[in-house]
Amino acid sequence: MDEFFKISARGSSVRTEVIAGLTTFLTMAYVVAVNPAILSQAGIPFSAALTATCFGAALMTAIMGLVANRPLALASGMGLNAVVVFSIVIGESVDWRVAMSCVVFEGVIILILVLCGLREAIMDAIPASLQQAIGIGIGLFIAFIGLKGGLLIVGSESSLITMGSVKDPAAIVAIISIVLAIGFTVAKVTGGLLWSIIIATIIGISMGVTPLPTAWDFGLDFSAFAAPLQVGEDGMLPLVKVVLEPALLLFVFSMLMSDFFDTLGTAFAVGQEANFIDKDGRIEDARKILAIDSIAAAVGGFIGASSITCYAESTSGAAAGARTGLSNLVIAVAFVLCAFLAPIIGMISSSATCGALVVVGYLMMSNIGQIEWTKPELAIPAFLTIVGIPLTYSITNGIGFGFIFFCIIMIAQGRAKEVSPLMWVASIAFLLSFLLV
């Protein structure tokens with residue numbers, strides 16, 4: 001095992017990988033409940049969506065660990081599932097199986113781009129300061145998600161967002177989780193982030209924040225599997241319908257852009273934390289990582305789980321010491337168990353994971369000094385990326401802001417020829433996606 005996963009070579013241990021894997025899983029366990037709840041609004045049976053979500057995440061996370069040997073966990077993407085349900089199924093009044101076929105097409109197209117080397121080439125064309133900014137922006141995004149989930153940040157009609165009431169039980173548990181996570185981190189307690197989640201969950205029971213199981217459902221439902229091949233009432237395959245309805249291809253393009261750059265940003269962020277970014281700022285094993293992520297998107301559509309993609313919450317595991325794919329196998333086993341024990345996983349509230357996500361955000365800010373702030377052509381796009389990711393609640397949008405303004409500033413400085421052709425292509429694609437979707 002040690003030789004296969006290179007555990008010792010990467011300065012890790014089996015115990016560290018197990019704890020880090022559990023940490024990552026607990027910070028993303030919400031997908032087990034949230035994704036089926038969203039997909040069920042499209043007409044997919046909740047039990048079928050739950051089974052697809054758990055097994056899809058387990059399968060692709062395990063493959064990432066065994067093939068790429070990097071601590072990147074995958075599951076159905078939040079945001080992408082909303083596009084499937086609200087924009088395609090409800091907005092276009094099509095069957096959910098047709099929407100899943102759009103996801104399959106998107107995954108296949110991205111895989112082709114990976115095999116052609118385009119996706120990796122775009123990664124390599126990104127200026128180093130922008131690469132750092134992407135990771136920092138995701139760190140702020142992760143912290144924002146944690147604070148929002150713990151009701152320490154809430155919506156406001158006058159100012160969009162404001163501070164929540166610290167008297168709210170959910171906020172109190174969130175504060176406790178932050179204190180525990182920071183305390184354990186500063187004290188260098190092994191598995192500190194994991195312990196903060198567990199303890200906060202237990203404390204939350206007496207405060208009514210931690211939901212107790214009301215039913216035990218051990219059944220599996222595979223009826224959503226092979227959704228694009230399930231013949232509809234009109235006798236037509238859903239995959240064929242996508243080709244015959246051009247309007248759906250716009251959504252394929254939209255999801256492609258989101259998947260393409262979300263994974264790019266996540267890979268950079270996790271790579272910086274888990275030490276698989278080389279001295280030239282390139283992601284090691286990038287081709288394998290991107291290929292698996294692309295296959296995952298298609299697999300997600302095929303089994304009815306929506307697009308499966310790399311999760312930014314993987315940074316929490318990397319912060320806890322994950323350096324190899326062994327942590328992925330721990331996550332995969334946990335997801336399989338979730339298919340049977342969803343009520344137990346459902347006890348983990350967003351308040352309990354708040355502290356872990358805040359600490360991850362802090363850790364990912366450490367690279368901010370590496371951005372060349374004295375050079376406006378690098379500093380301004382980096383700044384827009386950093387603020388754009390959390391403020392638009394989208395990794396893709398933030399990256400798009402940075403790409404577009406990098407090109408604009410280089411034109412203003414009379415240095416347009418220095419911009420990589422792939423940066424031009426990506427920036428134009430971003431601009432089109434902003435205008436068309």
Should [X] and [Y] count as side-chain neighbours, where that means a heavy-atom distance under 4.5 Å?
| X | Y | answer |
| --- | --- | --- |
| Tyr311 | Ile331 | no |
| Thr263 | Leu72 | no |
| Trp96 | Val84 | no |
| Arg70 | Lys288 | no |
| Phe184 | Ile199 | yes |
| Leu329 | Leu66 | yes |
| Leu391 | Phe144 | no |
| Ser351 | Leu151 | no |

So, taking the atom named [atom1] in [X] and the one named [atom2] in [Y], what distance separates them when rounded to the nearest 0.5 Å?
| X | Y | atom1 | atom2 | result |
| --- | --- | --- | --- | --- |
| Leu22 | Ile197 | CG | CD1 | 9.5 Å |
| Ser327 | Phe5 | OG | CZ | 9.0 Å |
| Ile110 | Leu290 | CD1 | CG | 9.5 Å |
| Asp168 | Leu152 | CG | CG | 9.0 Å |
| Thr309 | Leu74 | OG1 | CG | 6.5 Å |
| Cys354 | Leu147 | SG | CG | 5.0 Å |

For the pair [X] (side chain) and [Y] (backbone), establish whether a donor and an acceptor sit closer than 3.5 Å, ignoring hydrogens and angles.
| X | Y | value |
| --- | --- | --- |
| Glu106 | Ala297 | no |
| Thr210 | Thr201 | yes |
| Ser101 | Arg97 | yes |
| Gln230 | Ser223 | yes |
| Thr51 | Ala48 | no |
| Ser314 | Ala73 | yes |
| Asn69 | Gly325 | yes |
| Arg10 | Arg323 | yes |

**Q.** Partner of Ile203 by side-chain contact (heavy atoms from CB on, under 4.5 Å), out of Ile172, Ile176, Val209
**A.** Ile176
Between [Y] and [X], do the side chains contain a donor N or O and an acceptor N or O under 3.5 Å apart?
| X | Y | answer |
| --- | --- | --- |
| Asn81 | Ser76 | no |
| Ser156 | Ser159 | yes |
| Thr23 | Ser316 | no |
| Thr315 | Glu273 | no |

Distance-minimising heavy-atom pair for [X] and [Y]:
| X | Y | answer |
| --- | --- | --- |
| Leu422 | Ala121 | CD1-CB, 3.3 Å |
| Val114 | Ser294 | CG2-OG, 3.4 Å |
| Ala181 | Leu193 | CB-CD2, 4.0 Å |
| Ala267 | Ile283 | CB-CD1, 3.5 Å |
| Gly304 | Ile44 | O-CD1, 4.2 Å |
| Ile142 | Glu313 | CD1-N, 4.2 Å |

Q: Apply the test side chain to side chain contact (heavy atoms under 4.5 Å, CB included) to residues Asp221 and Leu50: give CA-CA distance (whole Å), side-chain angles for both, the deciding distance (0.1 Å), then the verdict.
A: CA-CA 8 Å; Asp221 183 350; Leu50 175 62; over 6 Å; no
Q. Has Phe225 got more than 12 heavy atoms of other residues, nucleotides or ligands less than 6.0 Å from its CZ?
A. yes
Q | Audit row: Phe335, Leu59, side chain to side chain contact (heavy atoms under 4.5 Å, CB included) steps and yes/no | A | CA-CA 9 Å; Phe335 269 117; Leu59 173 64; over 6 Å; no
Q: Using the side chain to side chain contact (heavy atoms under 4.5 Å, CB included) rule, take Thr27 and Leu357 through it: C-alpha gap first, then chi angles, then the decisive distance, then the call.
A: CA-CA 8 Å; Thr27 58; Leu357 296 180; 4.1 Å; yes
(Q) Before you tell me yes or no, could you show the steps for Leu130 and Phe403 under side chain to side chain contact (heavy atoms under 4.5 Å, CB included), namely the whole-Å CA-CA distance, both residues' side-chain angles and the distance that decides it to 0.1 Å? (A) CA-CA 8 Å; Leu130 265 182; Phe403 275 38; 4.2 Å; yes
